[in-house]
Amino acid sequence: MVTVETYDIVIIGGGHAGCEAARAGARLGLRTALITMNADLIAQMSCNPAIGGIAKGHLVREIDALGGVMGEVTDAVGIQFRLLNTSRGPAVWSPRAQCDKKQYRIRMKEVLEREPNLHIKQAEVAALIIEGGRVCGVKLMDGRGIRCQAVIITTGTFLNGRAHIGETQFSCGRNGEPPSEVLAQQIRSLNLPWTRLKTGTPPRLDARSIDFSKFEPQFGDAEPVPFSFLTDKIDRPQIQCYLARTNAETKRVIQESIGRSPLYSGQIEGIGPRYCPSIEDKFVKFPDKESHQLFLEPEGLDTNEIYVNGMSTSMPTDVQEAFIASIPGLERAEMIRPGYAIEYDAVDARELDHRLEVKKLPGLFLAGQINGTSGYEEAAGQGLMAGINAAQMILGRAPVIIRRSEGYLGIMIDDLITKGTDEPYRMFTSRAEYRLHLRVDNADARLTPIGEEIGLATPERVSLFAHKRAQTEKLMKAFETGSGPAKQGAALRKTEARINELLPWIHEVLGEEPVRGVLMTVETEVKYAGYMDQQRRQLERLQNSDSRAIPMEMQFAGIPGLSREVGEKLERVRPATLGQAARIPGVTPAAVAILDIYLTLGMNVSRETC
């Protein structure tokens with residue numbers, strides 16, 4: 001007799017997307033099952049042992065502001081924190097933390113296991129259960145069945161995963177772990193357009209075999225900036241990383257062996273990330289560049305493994321050993337694990353709506369690398385939003401859609417479902433139309449009210465946010481009235497001026513210590529007041545176009561004045577709003593104007609009327 005269990009939500013995959021989806025579903029009161037092939041490797045940092053970075057740090061702050069978990073865990077196990085881009089404007093400041101790789105997954109599992117509504121199961125999913133045109137459960141390889149109202153697939157690189165090290169290739173999800181092949185075949189049979197993508201990882205070296213005196217130390221910030229708004233401060237000692245560089249000998253070794261690279265022999269078919277190329281790709285695509293930066297990053301406090309950031313490769317092991325040895329300080333370096341590339345299946349994200357639900361198959365949500373993204377932070381953000389929206393659907397509530405004007409989470413999802421991607425998608429601040437409005441310091445002001453409204457933000461988070469908001473409003477009002485030293489508020493708008501110079505007056509205005517983050521927010525709002533006002537007007541125009549809903553049943557091919565090509569593009573994506581239609585590649589402003597008129601006159605307007 002087949003055992004059948006019942007849950008509200010089932011998450012397939014225990015990576016960064018799966019963790020956020022599972023915690024969100026459970027926190028929102030739903031009986032949630034997280035299914036992973038190895039429960040000891042939940043939240044495994046399979047590549048870089050770091051969280052955040054340019055734009056990625058924005059995503060983590062937004063995840064945290066909504067009530068997600070990545071920022072809290074990072075603060076708990078981070079071993080080096082740096083706020084990047086501080087030489088530029090606050091719109092692009094972004095936190096990054098080197099983490100203890102092992103402790104990250106241990107801490108994340110502890111957090112998940114404390115959720116009463118969350119049940120972790122070690123198993124492999126063999127198939128989705130589909131009845132009446134919607135997904136309503138999963139079948140496990142061990143014969144068990146699980147019925148549910150929503151399934152979220154967050155399988156990372158495991159769908160038909162295949163690793164490459166030189167001429168050697170083998171099936172795996174991550175090196176040393178089995179792939180998910182049975183489920184992958186079913187997903188391919190669902191008539192969803194799919195592709196093969198590729199990512200890679202560098203070799204890991206034994207720290208005891210490295211001469212660190214040959215490299216430039218890289219220190220963390222003297223006053224580390226936490227990721228989570230709930231973290232008061234980071235007071236642990238920080239480790240140091242090291243800056244290294246390739247040289248002419250490294251280049252020679254790689255160029256002479258390029259024919260043995262799976263990337264150039266035709267062995268790898270998948271498309272890799274443009275902005276994170278392998279070391280061999282760097283020397284091929286930038287032949288005039290003699291040297292490339294590398295960073296030697298410890299993977300934890302109780303391990304000798306060193307991650308060589310910037311040296312992702314799929315070259316044969318003997319070639320890897322040779323180009324590692326070409327770098328002074330690494331002549332005797334012992335390779336613990338070679339670098340490798342991995343190919344995997346990904347679904348065209350244009351098959352999804354803004355909730356990350358498959359349009360053709362209700363009840364099925366996709367999040368993470370299966371949607372064509374690259375990176376822990378991008379995956380976690382999608383997992384959080386998929387978990388929230390699966391829960392909202394089950395509870396009969398309105399979906400939570402983060403608009404482009406509200407967060408990088410909204411930009412990422414809108415980009416994916418509107419434009420699709422033919423290479424692993426990575427978040428950049430340049431993707432945001434209104435960067436000054438979408439800063440790391442005000443992520444809570446933008447998104448915590450949403451987390452509070454749906455019940456994901458804890459009372460502690462809501463209370464802390466309310467305190468910060470009250471202080472911010474009080475200080476902004478004091479600056480506007482021009483009382484006391486704030487009469488010189490105009491001086492604060494100068495580049496070299498700092499709000500800390502007004503601390504005595506600030507204490508007098510507030511009657512207490514400012515909450516962490518308040519001073520940064522107030523200083524930015526005062527310094528850039530003119531730009532902020534201009535962006536707010538632009539935001540209103542964007543929000544107006546994004547509020548013009550397009551009926552789901554609209555037949556674009558029948559709209560007079562639209563070319564066949566534009567009609568096909570609109571039919572392919574089926575935009576939910578006029579703003580989304582305008583962002584589809586190949587849909588011209590003239591076509592948007594025609595669509596606007598058509599929507600204004602009504603769907604039943606005749607050809608003669610037009």
Between D75 and S228, is there a donor-acceptor pair closer than 3.5 Å when you use the side chain of the first and the backbone of the second? yes
For Y104 and A43 the tightest heavy-atom approach is CD2-O, 3.6 Å
Would you mind reporting whether L409 and L66 have side-chain heavy atoms less than 4.5 Å apart? yes
Pairing of E378 and K56 as salt bridge, 4.0 angstrom limit: yes
Please give me the minimum heavy-atom distance between I324 and P203, naming the atom from each residue. CD1-CG, 3.8 Å
Ion pair check, D414 and K419, cut-off under 4.0 Å: no
Between G363 and R134, which heavy-atom pair has the shortest distance, and what is it? CA-NH2, 3.6 Å
Exam field: side chain E377 to backbone G57, donor-acceptor pair closer than 3.5 Å: no
For F229, does the six-membered ring have the charged nitrogen or CZ of R61 within the cation-pi criterion, i.e. under 6.0 angstrom from the centroid and within 45° of the normal? yes
From the options K198, Q169, H164, select the one residue that forms a side chain to side chain donor-acceptor pair (under 3.5 Å) with E343. H164
Got a sec, which residues hit side chain to side chain contact (heavy atoms under 4.5 Å, CB included) with R260, two or more places apart in sequence or on another chain? E167, P316, D318, V319
Between K285 and P277, is there a donor-acceptor pair closer than 3.5 Å when you use the side chain of the first and the backbone of the second? no
Quick one: does N304's side chain have a donor or acceptor within less than 3.5 Å of a partner on D206's backbone? no
Under the salt bridge (Lys or Arg N to Asp or Glu O under 4.0 Å) rule, what do R96 and E297 come out as? Steps first, then yes or no, please. CA-CA 13 Å; R96 181 184 187 273; E297 300 175 341; 3.2 Å; yes
Pair E299 + R337: basic N to acidic O under 4.0 Å: yes
Any side-chain to backbone donor/acceptor pair from T154 onto A17? Under 3.5 Å, distance only. no
Interatomic distance, CH2@W194 vs CG@D348, rounded to 0.5 Å, equals 12.5 Å
Test item: R31 side-chain N/O and T6 main-chain N/O as donor-acceptor pair under 3.5 Å: yes
Assess the residue pair R572 and E351 against the criterion (salt bridge (Lys or Arg N to Asp or Glu O under 4.0 Å)); give the C-alpha distance rounded to whole Å, side-chain angles, the decisive distance to 0.1 Å, and a yes or no. CA-CA 8 Å; R572 174 70 184 82; E351 294 296 313; 3.0 Å; yes
Is a salt bridge present between R461 and E72, judged by a nitrogen-to-oxygen distance below 4.0 Å? yes
Hey, is the main chain of E334 close enough, under 3.5 Å, to the side chain of S209 for a donor-acceptor pair? yes
Please check if atom CD in Q186 has more than 12 non-hydrogen atoms from other residues, nucleotides or ligands closer than 6.0 Å. yes
If you measure from the Lys or Arg side-chain nitrogens to the Asp or Glu carboxylate oxygens, is any gap between E20 and R23 under 4.0 Å? no
Any side-chain heavy atom of V125 within less than 4.5 Å of one from V151? no
Would you say Q267's side chain and G166's backbone share a donor-acceptor pair under 3.5 angstrom? yes
Answer yes or no: are there more than 12 heavy-atom neighbours, outside K139 itself, under 6.0 Å from its atom NZ? no
What orientation do H16 and Y376 show, parallel under 30°, tilted 30 to 60°, or perpendicular over 60°? tilted
Would you call K121-D142 a salt bridge at under 4.0 Å N-O? no
Test of understanding: with salt bridge (charged side-chain N to carboxylate O under 4.0 Å, His left out), list the residues that count as partners of D422, not counting sequence neighbours. none
Crowding at CD, E269 (>12 non-hydrogen neighbours, <6.0 Å): no
Is a side-chain donor or acceptor of E5 paired with a backbone partner of G145 at a separation under 3.5 angstrom? no
May I ask you to test the R82-P95 pair for a side-chain heavy-atom distance under 4.5 Å? no
Would a 4.5 Å heavy-atom cut-off, applied to side chains only, mark T313 and I165 as touching? no
Taken to the nearest 0.5 Å, the spacing of Q103 CD from M45 CE works out to 12.0 Å
Among residues at least two apart in sequence or on other chains, which ones pass salt bridge (charged side-chain N to carboxylate O under 4.0 Å, His left out) with R196? D345
Can you tell me if CZ on R107 sees more than 12 non-hydrogen neighbours from other groups inside 6.0 Å? no
Search all heavy atoms of S312 against all heavy atoms of G200 and return the closest pair with its distance. OG-C, 3.4 Å
Could you pull out the closest heavy-atom pair between C19 and M108, with the gap in Å? SG-CG, 3.7 Å
Distance-only, no hydrogens or angles: does the E280 side chain make a donor-acceptor pair with backbone N or O of I254 under 3.5 Å? no
Tightest non-hydrogen contact, residues G368 and Q382, listed as N-OE1, 3.1 Å
Is R431 positioned over the aromatic face of Y425, cation under 6.0 angstrom from the ring centre and no more than 45 degrees off axis? yes
